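To keep things clear, I will list the structure first and then write my remarks on it.
What you see is a predicted model, and the numbers here were worked out from it, not measured in a lab. We name chains A, B, ... by the order of the sequence lines, and we start the count at 1 in each one.
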2 protein chains.
Amino acid sequence: MDVETGGRMRSPTIRDVAQAANVSTNTVSRALNNKPDVSPETRRRVLAAAKELNYSPNNLARSLISKKTGTLGVVVTDNANPFYARIIKGIEDVGRRHGYSIILCNTDEDSEREEEAIRLLQQKRVDGILITPVQKDFRYLEVLRNYQSPFVLLNRHPKNEMVDYVINDNAYGARLAIGRLISVGRRKIAYICGPSTISSVQERLEGCFAAMEAGGLSPKSLHVERTNLKMEDGFEAMQKLLENDRPDGVFAYSDILAIGAMKSILEANLRIPEDIALIGYDDIEFASMLEVPLTTVRQPRYRIGEKAANMLINKLNNKNGTEVESVVLRPELILRKSA
Amino acid sequence: MDVETGGRMRSPTIRDVAQAANVSTNTVSRALNNKPDVSPETRRRVLAAAKELNYSPNNLARSLISKKTGTLGVVVTDNANPFYARIIKGIEDVGRRHGYSIILCNTDEDSEREEEAIRLLQQKRVDGILITPVQKDFRYLEVLRNYQSPFVLLNRHPKNEMVDYVINDNAYGARLAIGRLISVGRRKIAYICGPSTISSVQERLEGCFAAMEAGGLSPKSLHVERTNLKMEDGFEAMQKLLENDRPDGVFAYSDILAIGAMKSILEANLRIPEDIALIGYDDIEFASMLEVPLTTVRQPRYRIGEKAANMLINKLNNKNGTEVESVVLRPELILRKSA
DNA sequence: CTGTTAGCGCTTTCAC
DNA sequence: GTGAAAGCGCTAACAG
């Protein structure tokens, strides 16, 4: 309900409630915040007045004083990517339980937008930030650090920097994948992946090399096909691979890329896994429902979100002092039909 | 960069900048906001000082005065559902272009949480709200209306109420689906759907009836299988249908339900579409990549988000006065293998 | 128990 | 052009 003042409507403030209840604003504040030192009778009157006026406290004013907004910034490359969508869900659940809401920003893998997003969140004075960095450059780290509030990195992290992050063991995951391809007799193996600046891309690459070595194949023989991270990129990358020196085993950096690759393989009238064995990464919801159910390396996506949110909230409460924490979750190979 | 005051660090305020530049806070404000009446030299000094101190304006204080937060609330049932994920993306894109960020809230189809979310957004003084109502009751409407700011409903809307909303033509979409099932010779048709309180569920049901009639089948013969909206619900609903009086054509309220149903059908060693033709709704990204590529009714998900965000922002700018606007987008049938 | 005063960081009059 | 003063809505510190 709004309050009328000379014809203009405005939402009721604590002063309106105070007047209605015939007390000072201070008393209203204390009654509404369940502080002691308010007589039951007064409290009752205040509550009644607040309800009557449909009063809703203005968190902006509160935050200005408390220096806490109860808001976390979440920066990802694309909220519609099922991988991130699920992580966001984990963050939102944990956040809500602890009284935080989240402001969502997409970067679409664009460093400019990433920087804008961080600055914006900073201006809105979010209490902390959860971010999957674009990693085309390092500006984000500088901007984040100039900001006095805590942040936790998701999925990607800079080498040799002391920052909090939650990732999965990318090298291990890649070893599982390549190991599987080798164990089903594949010798001409390709890795379809994204830009080399992205830490998870590179860590998986190193895992690939290690697994090749361990499997008695020359790491040099691994065909690394670089592209971007959209489904179409996977499609095109696979087409290239089909055109020259077709592999018999393909490991894709993500399920999204794998799906693109799958499309390409099937369109070429080749069979999966008979002609080409295919393995993805992430285990998004639909991996099991695909035309060829996808063998993939599962990351605990929801838990990544949960864990990161919990870490951030602990930091906000100043648990564990200023100690830097990194969490590496273990992925697992999910065998289906594609490899 | 932070400012030190007796050992305690705090982020720099406009006063710190003013001191550093040897001007009043007022002048800083005007310089930073590109207002006229600031000499070039002063402006330069202010900007330099702000940069030096790494000053970031506090939007809370600004918003307290301007009564605008540059934030929109987005309330959906589940951000990880690909249907909503894509709508959110549309909202985020439009919002960002117009200077709005978004606070994301999930309800998980729970009216309590919906009410909490709206109240929270209200306290945070978001400029407007975009919401897919749970529609288990009507409290949300009351709460939204008590709030002085505009809102736009997504996908679902109450009957006989003057509110702004963006939906797709559910009855039309359902007619396309049922029409298709009939045209491929199906006579025993089932509709797997959610609770009857949800407007889109009922509108599609009415479309089903109309299409049955038009196709020469008794509307009464439509088997309506009510369930909830998760994939497992689709699975279980289909199992029930298989057990008693198996249909030869199934229309599912959503692709998610259709996927559950598909699993159930294939597990029973029945063929799609030979034994049972199956049609979904929404056309989520993966519908075309499923084990049996899904025939479905496509909704323009991204555009729903875009359109709703644009409507809301127009209202905020007080275009179109106070006129209530409802937008009904036209869905289309996408023929694939399942029907 | 309750009211008064001051101030969070900023913008907006209104003087000068 | 620039500064001083007031105030957005609220809470914290201090009186009484």
Quiz item: Heavy atoms, side chains only, cut-off 4.5 Å: are A:Y165 and A:L154 in contact?
Solution: no
Quiz item: When the distance from NZ of B:K68 to C1' of C:dT11 is rounded to whole Å, what number comes out?
Solution: 14 Å
Quiz item: Under 4.0 Å: is that the gap between some side-chain N or O of A:T27 and OP1 or OP2 of C:dG3?
Solution: yes
Quiz item: What integer distance in Å separates A:N22:CG from C:dC1:C1'?
Solution: 16 Å
Self-check item: Side chain proximity check, B:V75 to B:C105, heavy atoms < 4.5 angstrom
Solution: yes
Exercise. May I have the distance from A:R45 (atom CZ) to C:dC1 (atom C1'), rounded to whole angstrom?
Key: 12 Å
Quiz item: What is the distance, rounded to the nearest whole Å, between atom NZ of A:K124 and atom C1' of C:dG9?
Solution: 17 Å
Quiz item: Reckon A:T42 touches a base, only the sugar-phosphate, or nothing at all at heavy-atom distances under 4.0 Å?
Solution: sugar-phosphate
Practice problem: Go along nucleotides 8-16 of chain D 5' to 3' and tag each nucleotide: B for a protein heavy atom under 4.0 Å from its base, S when only backbone or sugar atoms are that close, - otherwise. | Solution: BBBSBB---
Quiz prompt | Gap separating the CG atom of A:N58 from the OG atom of B:S63, nearest 0.5 angstrom | solution = 9.0 Å
Practice problem: Using modelled atom types only, decide if a donor and an acceptor are shared between the side chain of B:N59 and the backbone of B:R62 within a distance under 3.5 Å. | Solution: no
Quiz item: Do B:S199 side-chain atoms and B:P158 backbone N/O form a donor-acceptor pair below 3.5 Å?
Solution: no
Quiz prompt | Ionic contact status for B:R44 with B:E41, cut-off 4.0 Å | solution = yes
